[in-house]
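Read through the structure below, which is laid out as structure tokens, and then see the notes.
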Amino acid sequence: MKIANNCVVSFHYTLTDEDGQTLDSSDGREPLAYLHGHNGIIPGLENELVGKGQGDSLQVVVQPEDGYGEFNPELLQQVPREAFQGVESIEPGMQFQAQGEGGQAQMVVVREVTDEAVLVDGNHPLAGQVLNFDVTIESVREASAEEIEHGHAH
């Protein structure tokens with residue numbers, strides 16, 4: 001079976017940056033499973049998997065616009081330190097859930113801390129980066145009606 005919309009695909013992967021540094025990998029874990037055509041993985045990778053089958057291996061380079069987007073400087077925000085009431089120690093790299101402009105939950109990462117303010121970043125950690133995937137397709141199967149209705153693999 002070849003990868004197409006409404007297939008459940010399982011694959012092993014290694015993700016590296018432009019310098020060849022490993023950012024993530026399924027090595028030593030179960031393969032990643034997703035429902036093809038339902039936005040379960042980044043578009044640049046999903047598009048390259050169309051037509052592939054079990055046992056296929058490929059290398060995919062994903063540009064930022066087809067991955068996690070370009071880095072948006074408008075998502076950097078200075079927040080008064082008192083907005084973090086109840087948090088004893090705030091350190092760069094810490095993650096917090098904030099409320100986005102539309103009221104939705106948004107993850108932010110602390111970039112810088114001063115006595116008065118905290119610089120938070122609402123960009124995805126991989127925004128603006130070219131992503132290199134080494135992928136091996138483990139299995140491809142038809143999705144169940146329930147998986148299609150739910151929009152993800154079970």
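Residue numbers start at 1 and run along the sequence shown. Because only heavy atoms are used, hydrogens play no part in the values below, and waters and symmetry mates are left out as well, while side chains stay in.
- Side chain of Asp19 to main chain of Gln21: no donor-acceptor pair is present (N/O by atom type, distance under 3.5 Å, no hydrogens or angles).
- With sequence neighbours left out, the side chain to side chain donor-acceptor pair (under 3.5 Å) criterion links Glu91 to Ser89.
- For Ala117, the side chain to side chain contact (heavy atoms under 4.5 Å, CB included) criterion is met by Gln78, Thr114, not counting sequence neighbours.
- Listed by first and then second residue, the ring-ring contact (aromatic ring centres under 6.0 Å, His included) pairs that reach into residues 52-81 are Tyr68-His124, sequence neighbours excluded.
- Taking each heavy atom of Ser57 and Thr136 in turn, the nearest pair found is OG-OG1, 3.1 Å.
- When all heavy atoms of Gly20 and Thr16 are compared, the closest pair comes out as O-CG2, 3.8 Å.
- Pro64 places a side-chain heavy atom less than 4.5 Å from the side chain of Val130.
- How far CG of Asn132 is from CG of Leu23: 9.0 Å, rounded to the nearest 0.5 Å.
- Note that CD of Gln129 and CD of Glu70 are 11.0 Å apart. Values are rounded to the nearest 0.5 Å.
- For the pair Met107/Val109, no side-chain contact is recorded, criterion being any heavy-atom separation below 4.5 Å from C-beta on.
- Transitive grouping of hydrophobic side chains (ILVMFWY, heavy atoms separated by less than 4.5 Å) keeps Leu35 and Phe11 in distinct clusters.
- Pairs passing the salt bridge (charged side-chain N to carboxylate O under 4.0 Å, His left out) check and including a residue from residues 132-141, sequence neighbours excluded, read Arg141-Glu147.
- Residue pairs meeting the ring-ring contact (aromatic ring centres under 6.0 Å, His included) criterion with at least one partner in residues 74-101, sequence neighbours excluded, are Phe84-Phe96.
- Val140 and Leu58 fall within a single hydrophobic cluster, where Ile, Leu, Val, Met, Phe, Trp and Tyr side chains are chained together by heavy-atom contacts under 4.5 Å.
- Criterion: ILVMFWY side-chain heavy atoms under 4.5 Å apart, direct or through other members. Under it, Val87 and Val110 are part of a common hydrophobic cluster.
- Both Val9 and Tyr13 are assigned to one and the same hydrophobic cluster, defined by single-linkage of ILVMFWY side chains at heavy-atom distances under 4.5 Å.
- Taken together through direct or relayed side-chain contacts under 4.5 Å among Ile, Leu, Val, Met, Phe, Trp and Tyr, Val108 and Leu126 form parts of separate hydrophobic clusters.
- Here His12 pairs with Ser26 under the side chain to side chain donor-acceptor pair (under 3.5 Å) rule; sequence neighbours left out.
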Sequence neighbours excluded and cut-off under 3.5 Å, please list the side-chain donor-acceptor pairs for residues 1-8, or say none.
unit_1	atom_1	unit_2	atom_2	d
Asn6	OD1	His38	NE2	2.7

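- Of all heavy-atom pairs spanning Asn72 and Glu74, the tightest one is OD1-N, 2.8 Å.
- Annotation: salt bridge (charged side-chain N to carboxylate O under 4.0 Å, His left out) contacts involving residues 31-42, sequence neighbours excluded, are absent.
- Shown here for Leu45 and Val135, the closest heavy-atom pair between the two residues is CD1-CG2, 4.0 Å.
- Taking the side chain to side chain donor-acceptor pair (under 3.5 Å) definition, one finds that Asn123 meets it with Asp121, sequence neighbours left out.
- Contact annotation: the side chain of Leu131 approaches that of Ile42 to within less than 4.5 Å [non-hydrogen atoms, C-beta and beyond].
- Pairs of residues two or more places apart, or lying in two chains, that qualify as salt bridge (charged side-chain N to carboxylate O under 4.0 Å, His left out) and include a residue from residues 20-34 are Asp24-Arg29.
- Side chain of Asn47 to main chain of Pro43: a donor-acceptor pair is present (N/O by atom type, distance under 3.5 Å, no hydrogens or angles).
- Residues forming a side chain to side chain donor-acceptor pair (under 3.5 Å) with Asn39 (at least two apart in sequence, or on another chain): none.
- At least one side-chain heavy atom of Leu49 sits less than 4.5 Å from a side-chain heavy atom of Ile41.
- Nearest heavy atom pair, residue Ile137 against residue Gly53, reads CB-O, 3.3 Å.
- In terms of heavy-atom proximity, Ala143 sits nearest to Ile148 at CB-CG1, 3.8 Å.
- Applying the salt bridge (charged side-chain N to carboxylate O under 4.0 Å, His left out) definition to pairs two or more places apart or across chains, none involves residues 45-62.
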